[in-house]
Amino acid sequence: MRIIVLGGGVVGVTTAYQLQKDGHDVVILERNAEVASEASWGNAGMIAPGHSFVWSSPKAPMILLKSLVLKDQALRFKFSADPQLYSWSWLFLMECTSEKARRNTLLKHRLAAYSQSVLKDVVADEAIDFNRNQRGILYFHRDQQALDRGVANMKLLESDGQAIKVLDREGVIALEPSLSSAKGKIAGGILFPTDETGESALFTRALAAKIVARGGGVHTGAAITGLEADGDSIRQALTDKGAFKGDAFVLALGAQSPLLARKLGIRLPIYPIKGYSLTIPIGNRRSPPTIASVDEHNLVAISRFGDRIRVTATAEFAGYDTSHKPSDFVFMKAVTEELYPEGADYGRADMWAGLRPMTPNNLPLFGRRRFQNLFLNTGHGHIGWTMSHGSARITADLIAGRRPAMSMDGLLVE
């Protein structure tokens, strides 16, 4: 079939790759000048089944309430005139029970682990350099009580097959000597040895080039204005660069997905949650990070991409606003500099903000909606890079009418 993939982020490009692998003629439509220019560009780069805990937990409502007064909260809620914010927030709060959080976390972990296995297959088949680091990811805590709670929480993922290793203060420093100067501020950590990191945008752009080399189409600078339907089928995608006809269409527009779907009378429970990141050159600094880490007290994540580090933090309910100012990055930069004083050239940090496509239960949307040839692969939230490869394979299987290799119980809602 000729399949039009709507969106050139990591989810869209990996989906096109899997569809092309199945023998389809694929075309990717992307509004930016390059693929992987939005959420796929500025993320933490963590391929992390160990980071599968959902945000919709029993603690989330209080954190959001505090954020109305305290400005250093990891989750920030801003009042808005957008009615979609309140309808989505109500659905989010309905997911914040212990039972639902446990269920959704295990479903998310299942998908993330499967996705990592698909990534390994792709990397085995394709020679792509994306600054991959397979030393694991370290989640460290500032005091013993927090560490003990963290270990207890991680038992849920361990029960689902996730490998973990608990480290005391000395173990953390032995693993990551670059944290030596902050030794007194760290009680210990939890290492997920099978988690990894890699640069999402670098990978996505290289994969897109391979798709083109094999006869696929990647049309950048093509903003999608609508989808033209004929009965219960989509006939073509309309863009400012012309129309693109197809036999099937995949909606993989991330945070933009509900806006396009709404034009077709389809309501998708996706809302944009803004995240912030810094990309900082290491320069001639002596002790850059060698392994990705998450400061669990401040919820600041730090990854190493070759000669740069990427620092990410904050989840802000701010609608489709991607603006940012230097003061937005002061806290996350200060935390990183405290941890790694000789880790990077902090005066040359590049600031970025982008939108995570969040669903209330933190699980992506798959399958068909309303039209028999329109397939969803969207709503991947804060670990889209982690879940993209498995989601791509699942979508290709669904389009082919095959049963996906992993169970879709709880993930597929027609």
Side-chain angles (χ1 to χ4, degrees), residues 10-11 39-40 42-57 59-60 63 74-75 101-120 132-141 146-147 149-167 175-176 189-200 273 275-277 289 291-305 309-315 332 354 356-359 361-364 379-391:
V10 65
V11 172
S40 300
N43 59 46
M46 293 183 173
I47 302 159
H51 208 47
S52 293
F53 283 94
V54 294
W55 289 2
S56 47
S57 72
K59 293 181 180 179
I63 293 173
L75 287 174
R102 185 180 188 280
R103 171 187 176 275
N104 293 336
T105 293
L106 290 174
L107 287 171
K108 192 174 177 182
H109 183 257
R110 183 207 306 167
L111 175 58
Y114 171 64
S115 186
Q116 188 179 29
S117 72
V118 175
L119 168 64
K120 289 177 180 177
R132 191 181 191 187
N133 185 328
Q134 295 180 274
R135 292 187 58 211
I137 297 177
L138 172 68
Y139 301 81
F140 65 83
H141 294 268
L147 176 61
R149 286 197 304 268
V151 172
N153 289 338
M154 294 302 184
K155 293 295 183 183
L156 175 61
L157 299 186
E158 189 178 38
S159 72
D160 201 43
Q162 181 71 42
I164 69 171
K165 184 178 180 181
V166 181
L167 304 174
L175 176 71
E176 179 54 284
I190 305 166
L191 173 68
F192 283 68
T194 57
D195 280 5
E196 53 186 297
T197 55
E199 197 167 352
S200 172
I273 307 297
Y276 296 84
S277 75
I291 182 173
S293 65
V294 178
D295 178 348
E296 291 280 41
H297 178 73
N298 294 303
L299 293 181
V300 173
I302 302 104
S303 300
R304 169 85 175 265
F305 298 154
I309 67 171
R310 173 72 51 78
V311 182
T312 58
T314 312
M332 58 196 287
R356 306 175 179 100
M358 299 295 294
T359 60
N361 63 6
N362 285 196
L363 298 171
H380 292 76
H382 70 113
I383 60 169
W385 174 215
T386 297
M387 296 191 290
S388 59
H389 316 282
S391 298

Practice task
State which residues pass salt bridge (charged side-chain N to carboxylate O under 4.0 Å, His left out) with Lys155; sequence neighbours excluded, sorted by chain then number.
Solution key: Glu158

Problem - Spacing of Ile273 atom CD1 and Thr359 atom OG1 [to the nearest 0.5 Å] - result: 10.0 Å

Fill in the blank from the handout: Here the gap from Leu175 atom CG to Lys165 atom NZ, rounded to the nearest 0.5 Å, amounts to 8.0 Å

Problem - Test side-chain contact (heavy atoms from CB on, under 4.5 Å) applied to Ile190 and Val151, step by step - result: CA-CA 7 Å; Ile190 305 166; Val151 172; 3.9 Å; yes

Handout entry: Residues which pass salt bridge (charged side-chain N to carboxylate O under 4.0 Å, His left out) with Glu196, listed by chain and number, not counting sequence neighbours
Key = Arg132

Handout entry: ring-ring contact (aromatic ring centres under 6.0 Å, His included) against His382, all qualifying residues, sequence neighbours excluded
Key = His51, Trp55

Exercise for the section: Kindly indicate whether the side chain of Pro49, heavy atoms from C-beta on, has any atom under 4.5 Å from the side chain of Asp195. Expected result: yes

Exercise for the section: Drop me the distance from Leu111's CG to Ile383's CD1, to the nearest 0.5 angstrom. Expected result: 7.5 Å

Problem - Main-chain N/O of Asn43 paired to Thr312 side chain as donor or acceptor, under 3.5 Å - result: no

Problem - OG-NE2 distance between Ser40 and His380, expressed to the nearest 0.5 angstrom - result: 10.5 Å

Exercise for the section: Write down the atom of Ile291, the atom of Asn133, and the distance for their closest heavy-atom approach. Expected result: CA-ND2, 4.3 Å

Completion exercise
Contacts of Asp295 meeting salt bridge (charged side-chain N to carboxylate O under 4.0 Å, His left out) (sequence neighbours excluded), chain-then-number -> Arg142

Practice task
Quick one: closest heavy-atom pair of Tyr139 and Ala48, and the distance?
Solution key: OH-CB, 3.8 Å

Problem - Side-chain (Ser115) to main-chain (Thr386) donor-acceptor, under 3.5 angstrom - result: yes

Handout entry: N/O donor-acceptor pair under 3.5 Å between Trp385 side chain and Ala44 backbone
Key = no

Problem - Residue pair Met332 / Val311: nearest heavy atoms and the distance that separates them - result: CE-O, 3.3 Å

Fill in the blank from the handout: Looking only at heavy atoms, the pair that brings Ala313 and Val300 closest together is CB-CG2, 4.0 Å

Practice task
Could you walk me through whether Leu107 and Asn361 pass side-chain contact (heavy atoms from CB on, under 4.5 Å), step by step?
Solution key: CA-CA 10 Å; Leu107 287 171; Asn361 63 6; over 6 Å; no

Handout entry: Backbone of Thr194 reached by a side-chain donor or acceptor of Gln116 within 3.5 Å
Key = yes

Completion exercise
Output for pair (Thr197 OG1, Ile137 CD1), nearest 0.5 Å, gives 6.0 Å

Fill in the blank from the handout: In terms of heavy-atom contacts, Ser388 and Val11 come closest through CB-CG2, 4.0 Å

Practice task
Return the set of residues passing ring-ring contact (aromatic ring centres under 6.0 Å, His included) with Tyr276 (not counting sequence neighbours), or none when no residue passes.
Solution key: Phe329

Practice task
Apply side-chain hydrogen bond (donor to acceptor under 3.5 Å, both in side chains) to Arg149 and list each qualifying residue two or more places apart in sequence or on a separate chain.
Solution key: none

Problem - Reported CE-to-OH distance for the pair Met387 and Tyr114, which is rounded to 0.5 angstrom - result: 14.0 Å

Fill in the blank from the handout: All heavy atoms of Pro289 vs all of Arg304, minimum pair found to be O-NH1, 2.8 Å

Exercise for the section: Would you confirm whether Ser52, through its side chain, and Thr105, through its main-chain N or O, come within 3.5 Å as a donor-acceptor pair? Expected result: no

Practice task
Under the side-chain contact (heavy atoms from CB on, under 4.5 Å) rule, what do Phe53 and Leu157 come out as? Steps first, then yes or no, please.
Solution key: CA-CA 9 Å; Phe53 283 94; Leu157 299 186; 3.5 Å; yes

